[in-house]
Amino acid sequence: MKLNLNELAGQFQLEGTVVEVKPLGEGFINDTFIIKTGEGTPNYILQRKNKNIFTNVPAMMENIEKVCAHIKAKVVAAGGDPRREAMTIVPALDGKLHYEDEDQEYWAVCEFIDDTIAYQAAETPELAYAGGKGIGKFQAMVADLTDPLTDILPGFHNIRFRFKQWDEVLAKDPVGRKAELAEEIKWVEERREEMLNFWKLVEDGTIPTRVTHNDTKINNILFDQKGDVLCVIDLDTVLNSTVLNDYGDAMRSYTNTGLEDDENLDNVSMDIEIFKAYTKGYLEETKSFISPSELEYLAFSAKYITYEQVLRFLMDYIDGDNYYKVKSTEHNLVRTKAQYKLLQSMEEQFEQMQAIVKELAS
Ligand code: GN1
Ligand code: MG
């Protein structure tokens, strides 16, 4: 028998009685629901994890639990509230961290943290500063988590791996979109060497590998009512990689004066004040562990991740929109163009970005 959402919620060790389960948010990857329970008991987040992308959900959930447990111990030691300042994964009735339904879909639950604010954009430098502190603090808390995580997304922010996918998709051109895209493809190809040269430094260990979040958009941070960072959420992509990817991805999303999929490219540019504020907060929290090689490439990482996103959106468009959820047939192309505009804006301001990092790190 196929379970409905309420019955699925019933497969987890929840406190209280389920009142309703309804959709929440608009993630590109998973399907997300909120489980409301009665007075005095927590609400929960129920997610169907996208099994096409996360091919090993049990290992993903183990990674998440490891990171959460590590952070909770730090929060407790600092006198904080581990149920508000860290995510709490709720096991299924059989004790596993996921529930597999009869269609082999994977479901997971965590506690919903009440009374928080999530932002879709870093509207002010103050907010960007707080976000930088939040991600910096997250990285500092997991810096001593040396037990390796399972690599559930091989090659996730690895441009060498992305080029392999890119070359395959372009060779196939499965829906015949390539012919129209000579200019956009050139944007990617022109920068191939530059990006690979950076990644070589990660491969040869010049830039160290640590526990990283890998999806540091501002809406993956919960703020409290005072505007301080409470908790970093959406840990699906916690992996061992370079912290530069977390910094770079945050800069890609925070500094954009437009939308990730803005149709009006005039709206899109990099806001250097937001860049500066985030970097200040980030460096304040990471000075205890960040290395000279990481500092040297910090500003570059903003270009790297934005470039990678240009490639990923364009590749998905050429591939016929199999990865990202799309709202129209052109959506991935619109996203590609908007991210490319942002990349160009970063390239124009690169010297200033480097000067800011240098000044704030000294
Ligand atoms: C995806 O679904 P969401 O918004 O958490 C993607 C990120 C991209 C982002 C683009 C697992 O994240 O890498 O940067 O879309 N996550 C995965 O907005 O591919
Ligand atoms: Mg995500």
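Everything quoted here is computed from the prediction, not taken from an experiment. Every number for a ligand or one of its atoms is a count from 1 in the order of the listing.
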Check ligand 1 against [X] and write out every atom of the ligand that is under 4.0 Å from a heavy-atom position of the residue.
{"X": "Q309", "value": "8 (C), 14 (O)"}
{"X": "K217", "value": "3 (P), 4 (O), 5 (O), 9 (C), 12 (O), 18 (O)"}
{"X": "R252", "value": "10 (C), 14 (O), 18 (O)"}
{"X": "D234", "value": "5 (O)"}
{"X": "Y323", "value": "11 (C), 17 (C), 19 (O)"}
{"X": "Y324", "value": "8 (C), 15 (O)"}

Original post:
Taking everything shown except K72 itself, do over 12 heavy atoms lie less than 6.0 Å from its NZ?
Top reply: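 Yes, NZ of K72 has more than 12 neighbouring heavy atoms, counting only those of other groups under 6.0 Å.
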
Subject >> Sub-3.5 Å N/O-N/O distance, D215 and ligand 1 >> reply: yes

Original post:
Got an N/O contact under 3.5 Å between R312 and ligand 1?
Top reply: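 Yes, there is a polar N/O contact under 3.5 Å.
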
Original post:
Between D234 and H213, is any side-chain donor less than 3.5 angstrom from a side-chain acceptor?
Top reply: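 Result is no, nothing qualifies.
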
Original post:
Any chance the side chains of Q339 and W187 put a donor and an acceptor closer than 3.5 Å?
Top reply: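 Not at all, the side chains of Q339 and W187 share no donor-acceptor pair under 3.5 Å.
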
Subject >> Nearest atoms (heavy-atom pairs only) where I29 meets N50 >> reply: O-ND2, 3.0 Å

Original post:
Atom OH in Y247, atom CG in L283: separation rounded to 0.5 Å?
Top reply: 7.0 Å

Original post:
Think R210 forms a cation-pi with F289, using NZ or CZ under 6.0 Å from the six-ring centre and within 45 degrees of its axis?
Top reply: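 Checked: cation-pi criterion not met.
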
